There are 2 protein chains.
Amino acid sequence: MGDTSGAGEPTLEEQIAAYQREFQDLDPQVEKIVSALSRLNRRMNVAYGRQTAALGIGNTDWEVLKALVLSGAPYRLGPGDLAKRLGLTPAAMTHRIDRMVTEGLVTRERDESNRVRVIVELTAEGREKWLEAMRLATVFEEDLLQDLSPEDRTALGEVLTRLLRRVEHAQPDAGGRLSDLD
Amino acid sequence: MGDTSGAGEPTLEEQIAAYQREFQDLDPQVEKIVSALSRLNRRMNVAYGRQTAALGIGNTDWEVLKALVLSGAPYRLGPGDLAKRLGLTPAAMTHRIDRMVTEGLVTRERDESNRVRVIVELTAEGREKWLEAMRLATVFEEDLLQDLSPEDRTALGEVLTRLLRRVEHAQPDAGGRLSDLD
DNA sequence: GCTGAAGACTTAGAAGCTAAAATTCGAAGG
DNA sequence: CCTTCGAATTTTAGCTTCTAAGTCTTCAGC
């Protein structure tokens, strides 16, 4: 069923053996995939977390930067919009924006054409931080996949998207926000 | 660089296109793997979270149950040990154990042979909850992997463990505790 | 018997989140 | 023109879970 965390961790093989000992019905092949996937993801998140921390931004900031950049130029969204994309309540968004404004990553201003609305816009510094984080991330990712041939990579991408389609179909847009950093 | 969360989420393809638009140096093949992996993991965590919630236990409880079960019969560990395995401070462990004792999932008693130590022991109910969660999880996992042939499964397990070995070697036992539910 | 170290617990405080109330503005109807 | 409703945001209060630092208890060596 995957993995948990941290130091003093058993190896993948040890853990699967323990699972089999405690739960007879376990398919070790399935468990291997699921546990490896989970561990891999955690390690990646640790790496990303370090990189963004090195840039002086937190994981919560990172999520907002990403949403704004992916929305495309001119990199503007309302708090409500952002909240929807990130799966948060509007109140939580207000707090994040407060922090990020003081950090200089975004600006907040009222929309002059409809003064109920607020516009959150990426600053040049915010965009630069995002780009820098992406540069670090791609180095890490390239290193991670270093041993895989182009064919291996294609095959892996295919399998994973196949699995993803399956979950997304079964669990259409869950909206859950159970951790995830990238 | 992976994915974030929730509702109103773009499709994987849309997101990769947006990344390429905003960051020219991106290798779409790499990004596809990384993003699919991240999304897949998040969906799995959402599913696990629902299942454990349905059993009336939280994600934090689940981690402790798992550590105890995996330690093997008689399912006893000290708070300090548990804290190390879960990557928490001892203080955080104290709070978790408090809660879980009132929930009837574990018992806490002093070790009579060395009264400085405390022994946390899984109750029958705690063990039963763990087993039930595992049953639900395996159903979900089997469904997830349904379309993969045994050969596909073996291949996927191999590739993932290969990647995992690579990260674990580069990042030996980071101890990080940046989210993860399983 | 005293002292030091180890282990667990307590307290204080930080980071994030939610829910619900308050605020502000625009739009529609009398 | 004024009023009222509704939408979007912010404020307030409180929850959960974590860390850091200090305290208490107990064992072990001198």
Side-chain angles (χ1 to χ4, degrees), chain A residues 4-8 45-46 49 52-53 56-64 76-103 106-121 175-181, chain B residues 4-8 46 49 52-53 56-64 76-103 105-121 175-181:
Chain A
T4 301
S5 148
N45 285 342
V46 169
T52 52
I57 62 183
N59 303 319
T60 62
D61 296 342
W62 167 253
E63 291 185 334
V64 178
R76 298 157 147 252
L77 289 173
D81 247 352
L82 277 168
K84 248 178 227 117
R85 298 193 191 217
L86 300 186
L88 299 175
T89 59
M93 227 23 253
T94 295
H95 297 316
R96 286 200 186 188
I97 295 167
D98 286 348
R99 189 175 357 103
M100 293 179 71
V101 167
T102 71
E103 290 168 346
V106 299
T107 59
R108 168 162 42 191
E109 56 187 87
R110 301 211 88 89
D111 181 346
E112 285 308 324
S113 71
N114 179 346
R115 301 183 43 77
V116 176
R117 290 174 181 283
V118 168
I119 297 176
V120 177
E121 180 172 342
R177 135 132 231 97
L178 294 180
S179 91
D180 223 335
L181 311 161
Chain B
T4 300
S5 150
V46 168
T52 52
I57 61 182
N59 302 320
T60 62
D61 296 343
W62 167 253
E63 291 185 334
V64 178
R76 299 157 146 251
L77 288 173
D81 246 351
L82 277 168
K84 248 177 228 121
R85 298 193 190 217
L86 300 186
L88 300 175
T89 59
M93 236 9 263
T94 295
H95 297 316
R96 285 200 187 187
I97 294 167
D98 286 349
R99 188 174 359 101
M100 293 179 71
V101 167
T102 71
E103 291 167 346
L105 300 173
V106 300
T107 58
R108 169 162 40 191
E109 55 187 87
R110 302 210 86 89
D111 181 345
E112 285 308 324
S113 71
N114 178 347
R115 300 182 43 76
V116 175
R117 290 174 182 283
V118 168
I119 296 177
V120 177
E121 180 170 344
R177 134 132 233 98
L178 294 180
S179 90
D180 222 336
L181 311 162

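What you see is a predicted model, and the numbers here were worked out from it, not measured in a lab. In what follows, chains are A, B, ... by sequence order, proteins preceding strands, each numbered from 1.
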To the closest 0.5 Å, what do you measure between [atom1] ([X]) and [atom2] ([Y])?
X	Y	atom1	atom2	answer
R115(A)	E109(A)	CZ	CD	11.0 Å
E112(B)	N114(B)	CD	CG	10.5 Å
D98(B)	M93(B)	CG	CE	10.0 Å
T107(B)	R76(B)	OG1	CZ	7.5 Å
I97(B)	D61(B)	CD1	CG	11.5 Å
I119(B)	R110(B)	CD1	CZ	10.5 Å

Just the rounded figure in Å: distance from [atom2] of [N] to [atom1] of [X].
X	N	atom1	atom2	result
N59(B)	dC17(C)	CG	P	16 Å
K84(A)	dT9(D)	NZ	P	9 Å
E63(A)	dG16(C)	CD	P	11 Å
I57(A)	dA15(C)	CD1	C1'	17 Å
R96(B)	dT17(D)	CZ	P	8 Å
D61(B)	dT16(D)	CG	P	12 Å
L88(A)	dG16(C)	CG	P	12 Å

Phosphate-side-chain proximity, T89(A) and dC17(C), N/O vs OP1/OP2 below 4.0 Å
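Answer is no, no contact under 4.0 Å.
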Phosphate oxygens OP1/OP2 of dA15(C): is one of them under 4.0 Å from a side-chain N or O of R99(A)?
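Answer is no, no contact under 4.0 Å.
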If you check the R115(B) side chain, which of dC27(D), dT18(C), dA20(D) turns out closest?
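Among dC27(D), dT18(C), dA20(D), the one nearest the side chain of R115(B) is dC27(D).
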Treating R96(B) as the side-chain partner and T60(B) as the backbone partner, does any N or O pair qualify as donor plus acceptor under 3.5 Å?
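Yes.
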Specify the residue among E112(A) and A92(A) whose closest nucleotide of DNA chain C lies further upstream toward the 5′ end.
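Result of the comparison: A92(A).
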Contact state string [nucleotides 4-10 of chain C, B base, S sugar-phosphate only, - no protein heavy atom under 4.0 Å]
---SSBB
